Student: 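One structure, pasted below without further comment.
Computed from heavy atoms alone, side chains included, the values below leave out hydrogens, waters and symmetry copies. Remember, predicted model here, so these are calculated numbers, not experimental data.
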Amino acid sequence: QNPYMINPKFNVTRLQGRHSLKAGFEYQRLDTAIDDFNPKYGQDTYGGRFTVPVGTSSSNNLYNLADFMFGLRSRYNLNNAVIVNYQQRMYFGYLQDDFKVNQKLTLNLGLRYEFATPQWERDGILSNFDPTTRTLIAAKKSGSIYERSLIRPDRNNFAPRVGLAYNLTPKTVLRSGFGTSYIHFNRLGGENLLAYNLPASSTSASTSCRRKAPVRPPRPRSPASAPRSRDTRLAC
């Protein structure tokens, strides 16, 4: 991953009698290039039990280890090579009043508002699944936040801040507070990225099977007109 973030912010304080008014704003711009879709370098599975001797039915897992030593893989997975350019914008603002009730008690009353867009891909190569129509919905390169990210943004993130400071003695101050916070970015590998769907990302798989003994078909009514078959069956 190659994250890039811009995070400017400012704060303003104004004193007026018993009130100390504070205001601030913060803006975050996140641009991240992600190349993290499993299996990136391929994935081998050794569970075909190809080294089990003919005529032997053993459940010993050492035969899977023997398959590994001989390079007899039963399955191989490989994801395509793709780099997605994810973008996200965050806006935070707050207003707080530190109100001095008397010489001993000060109240901290504040409200913070947070808005963060869902992540979208710069070139629009992401999709989501519609369970109603059972189809993939493709994102757009431009348009509204929903059209680019296929996620409806949450615009109701109000975070109250309430606190107090009380002078018990000239040398002791009791402080308490309550606040609400929000998390706008969860990093879960590729599992939370809609670009892990088609058409951006796809995984190819190759499976090898162990052959069973040749199976002869039932004797036909006219042996001369139906040649015998030597085809084998595959069991995975």
Student: Would the distance check show the side chain of Ser149 and the main-chain N or O of Ile145 forming a donor-acceptor pair, the cut-off being under 3.5 Å?
Tutor: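 Present.
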Student: Say whether Ile34 and Ile83 are linked into one hydrophobic cluster, either directly or through other cluster members, by side-chain heavy-atom distances under 4.5 angstrom.
Tutor: no
Student: Report yes or no: does Arg18 contribute a side-chain atom to a donor-acceptor pair with the main-chain N or O of Val101 at less than 3.5 Å?
Tutor: yes
Student: Donor-acceptor check, side chain of Ser127 to backbone of Leu198, threshold 3.5 angstrom: yes or no?
Tutor: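 Checking the backbone N and O of Leu198 against the side chain of Ser127, a donor-acceptor pair under 3.5 Å is found.
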Student: I need the Asp98 CG to Asn108 CG distance, nearest 0.5 Å.
Tutor: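 Reported value, rounded in 0.5 Å steps: 4.5 Å.
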Student: Distance-only, no hydrogens or angles: does the Asn167 side chain make a donor-acceptor pair with backbone N or O of Pro170 under 3.5 Å?
Tutor: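 Answer holds: no.
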Student: Look at Asp31 together with Arg89 and state whether they make a salt bridge at an N to O cut-off of under 4.0 Å.
Tutor: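 The answer is yes: the pair qualifies as a salt bridge.
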Student: Could you tell me the separation between the OG atom of Ser204 and the CG atom of Asn77, rounded to the nearest 0.5 Å?
Tutor: 9.0 Å
Student: Give the intermediate values and the outcome of side chain to side chain donor-acceptor pair (under 3.5 Å) for residues Thr135 and Asp130.
Tutor: CA-CA 6 Å; Thr135 58; Asp130 186 351; 5.0 Å; no
Student: Which residues pass the salt bridge (charged side-chain N to carboxylate O under 4.0 Å, His left out) test with Glu121, sequence neighbours left out?
Tutor: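 For Glu121 there are no salt bridge (charged side-chain N to carboxylate O under 4.0 Å, His left out) partners, ignoring immediate neighbours.
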Student: Do other residues, nucleotides or ligands put more than 12 heavy atoms under 6.0 Å from the NZ atom of Lys40?
Tutor: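 Counting neighbours around NZ of Lys40, more than 12 heavy atoms of other residues, nucleotides or ligands fall under 6.0 Å, so yes.
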Student: Which class fits the ring pair Phe158 and Tyr113: parallel under 30°, tilted 30 to 60°, perpendicular over 60°?
Tutor: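 Taking Tyr113 first and then Phe158, their aromatic rings sit tilted (interplane angle of 30° to 60°).
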Student: Any donor-acceptor pair under 3.5 Å linking the side-chain atoms of Thr51 with those of Asp67?
Tutor: yes
Student: Please check: side-chain N/O of Gln96 versus main-chain N/O of Gly24, any donor-acceptor pairing under 3.5 Å?
Tutor: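 Checked: no pair found.
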Student: Applying side chain to side chain donor-acceptor pair (under 3.5 Å), run through Gln87 and Asn85 and close with a yes or a no.
Tutor: CA-CA 7 Å; Gln87 299 180 346; Asn85 296 278; over 6 Å; no
Student: How long is the gap from CD on Glu114 to NE2 on His184, to the nearest 0.5 Å?
Tutor: 4.0 Å
Student: Any idea which heavy atoms bring Tyr86 and Leu126 closest together, and the distance?
Tutor: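 Shortest heavy-atom separation between Tyr86 and Leu126 comes out as OH-CD2, 3.9 Å.
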Student: Ring of Tyr146, cation from Arg152 - is the NZ or CZ under 6.0 Å from the centre and inside 45° of the axis?
Tutor: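 Pair Arg152/Tyr146 counts as cation-pi.
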Student: For the atom pair CG (Leu174) and CG (Leu168), what is the distance rounded to the nearest 0.5 Å?
Tutor: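 Rounded to the nearest 0.5 Å, the CG-CG separation comes to 5.5 Å.
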Student: If you apply the rule side-chain contact (heavy atoms from CB on, under 4.5 Å), what do you find for Phe115 with Arg155, and how did you get there?
Tutor: CA-CA 6 Å; Phe115 174 72; Arg155 304 180 185 274; 3.6 Å; yes
Student: Looking at Thr207 and Arg75, what are the two nearest heavy atoms and their distance?
Tutor: OG1-NH1, 2.8 Å
Student: Would you kindly confirm whether Tyr182 and Tyr94 end up in one hydrophobic cluster when ILVMFWY residues are joined by side chain heavy atoms under 4.5 Å apart?
Tutor: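 Cluster IDs for Tyr182 and Tyr94 differ.
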Student: Going by distance alone, is a donor N or O of one side chain under 3.5 Å from an acceptor N or O of the other, for Asn79 and Ser201?
Tutor: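 Yes - a donor-acceptor pair under 3.5 Å links their side chains.
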Student: Should the pair Phe25 and Tyr91 be assigned to parallel (<30°), tilted (30 to 60°) or perpendicular (>60°) ring geometry?
Tutor: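 Tilted.
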Student: Might you point out which heavy atoms bring Phe37 and Leu193 nearest each other, and give the distance in Å?
Tutor: CE2-CD1, 4.2 Å
Student: What's the separation between atom OG1 in Thr180 and atom CZ in Arg112, rounded to the nearest 0.5 Å?
Tutor: 11.5 Å
Student: Can you confirm whether Tyr63 sits close enough to Pro53 that some side-chain heavy atom of one is under 4.5 Å from a side-chain heavy atom of the other?
Tutor: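 Of all side-chain heavy-atom pairs linking Pro53 with Tyr63, at least one is under 4.5 Å.
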Student: Any link between Phe178 and Tyr166 through a network of hydrophobic side chains (Ile, Leu, Val, Met, Phe, Trp, Tyr) touching at under 4.5 Å?
Tutor: no
Student: Going hydrophobic residue to hydrophobic residue with side-chain gaps under 4.5 angstrom, can you get from Leu62 over to Tyr46?
Tutor: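 In one cluster with Leu62: Tyr46, yes.
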Student: How far apart are the closest heavy atoms of Gly143 and Glu147, and which atoms are they?
Tutor: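 The answer is CA-OE1, 3.3 Å.
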Student: Work out which heavy atom in Asn80 is nearest to a heavy atom in Ala200; give both atom names and the distance.
Tutor: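 Nearest heavy atoms, Asn80 then Ala200: ND2-O, 3.0 Å.
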Student: Cluster question for you: counting only ILVMFWY and a side-chain heavy-atom cut-off of under 4.5 Å, with indirect links fine, are Leu164 and Leu95 together?
Tutor: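 No, no single cluster joins them.
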Student: Can you tell me how far apart CG (Asn128) and CG (Leu136) are? Round to the nearest 0.5 Å.
Tutor: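 Atom-to-atom, Asn128:CG and Leu136:CG are 8.5 Å apart.
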Student: What closest approach, in Å, do Gly42 and Leu78 show between heavy atoms, and which atom pair accounts for it?
Tutor: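 That would be N-CD1, 3.5 Å.
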Student: With heavy-atom distances below 4.5 Å as the criterion, would you say the side chains of Leu194 and Ile151 are in contact?
Tutor: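 Yes, close enough: below the 4.5 Å cut-off.
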Student: Under 3.5 Å, side chain of Asp123 to main-chain N/O of Ile125, donor-acceptor pair present?
Tutor: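 Pair absent, no side-chain N/O of Asp123 close to backbone of Ile125.
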Student: Is a donor on one side and an acceptor on the other found under 3.5 Å between the side chain of Ser74 and the backbone of Thr45?
Tutor: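 Flag set: sc Ser74 to bb Thr45 pair under 3.5 Å.
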